[in-house]
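Predicted, not measured: the structure shown is a model, and the values here were computed from it.
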Amino acid sequence: MDLKDKNVVIIGAGDIAYRKVEVLLPFHPKITVIAKKVNEKIKELFFSKKIDLKIKQFDENDIQQDHFLVVVAVDDLELQKRISQICSKKNILVNSVDSKEYCSFIFGSIIHDGDLVIGINTSSKAPAVSKALKAYLMQRLPKNIENLIEKVSKLRKIDTKNMQIEIKKFFNDAKN
């Protein structure tokens, strides 16, 4: 999903909201965090101009038609439901971090290494499994995978046979 320059709203500013912001930032959206109370990590992101911040109570006008997605990271189930309904009416993607029924998409674990992006998801059944699998895969990811991606990116336009050979060689070498 291309998030570059897309408007993203995060409702809540605690640890979970911070983790969602950290996952989204490498994809370069325009993030606005809205919350009454804000943790220090979120404040640091605001002061370093990585996000916008509105310290206030959420209201319906905080979700606009030009928003691409909304993440609801609050403990209030009624608010999660209300925001989900607002987003649904406006055709905006929404993720409520604790409530699958209030989501139009599921926020899986993401491995992001240069141009390589791997999403891991258990359909919200077992997020701890996604987290463990992410750690497992990250330990086993070849260190120079970015070099392979660059090489294959160039070869795919001119020489697909050698491209396949390079890929096989890379992963054979990585096993040893």
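Using a 4.5 Å heavy-atom threshold, the side chains of V117 and I111 count as separate. Taking 4.5 Å as the limit, every side-chain heavy atom of V21 sits out of range of all side-chain heavy atoms of V23. Within the 4.5 Å cutoff, the side chain of L155 has heavy atoms near those of the E166 side chain. Taking the side chain as every heavy atom from C-beta outward, S96 and K81 never approach each other to under 4.5 Å. L93 is not listed as a side-chain neighbour of V70, based on a closest heavy-atom distance of 4.5 Å or more.
Remark: side-chain polar atoms of D62 are paired, donor with acceptor, to backbone N or O of D59 under 3.5 angstrom. Not one N or O on the side chain of S109 forms a donor-acceptor pair closer than 3.5 Å with the backbone of I120. Using a distance-only test at 3.5 Å, with no hydrogens or angles considered, no donor-acceptor pair links the side chain of N144 to the main chain of N147. K90 places a side-chain N or O within 3.5 Å of a backbone atom of I63 that can act as its donor or acceptor partner. For the pair K50 (side chain) and F46 (backbone), a donor-acceptor distance under 3.5 Å is absent. For N95 (side chain) and F105 (main-chain N/O), a donor-acceptor pair under 3.5 Å exists by modelled atom type. The backbone N or O of I110 sits nowhere less than 3.5 Å from a side-chain atom of H112 that would complete a donor-acceptor pair. Counting only distance, with no hydrogens or angles, the side chain of E146 and the backbone of D115 share a donor-acceptor pair below 3.5 Å. Judged by distance alone, with hydrogens and angles left aside, the side-chain atoms of S153 form no donor-acceptor pair with the main-chain N or O of I149 at under 3.5 Å.
Counting non-hydrogen atoms of neighbouring residues, nucleotides and ligands closer than 6.0 angstrom, the NZ atom of K41 reaches no more than 12 such neighbours. Residue-environment remark: NZ (K56) exceeds the threshold of 12 foreign heavy atoms within 6.0 Å.
When hydrophobic clusters are built by joining Ile, Leu, Val, Met, Phe, Trp and Tyr residues whose side-chain heavy atoms come closer than 4.5 Å, directly or via intermediates, V33 is grouped together with V8. Transitive grouping of hydrophobic side chains (ILVMFWY, heavy atoms separated by less than 4.5 Å) keeps V74 and L24 in distinct clusters.
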Decide salt bridge (Lys or Arg N to Asp or Glu O under 4.0 Å) for K169 and D173; before the verdict, give the C-alpha distance in whole Å, the side-chain angles of both, and the deciding distance to 0.1 Å. CA-CA 6 Å; K169 181 181 180 311; D173 291 349; 3.0 Å; yes
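Considering NZ of K30 and CG of D52, their distance stands at 9.5 Å, rounded to 0.5 Å. Between N162 atom CG and R156 atom CZ the span is 15.5 Å, to the nearest 0.5 Å. Summarising the geometry, atom NZ belonging to K20 is positioned 9.0 Å from atom CD1 belonging to I10; distances are rounded to the nearest 0.5 Å.
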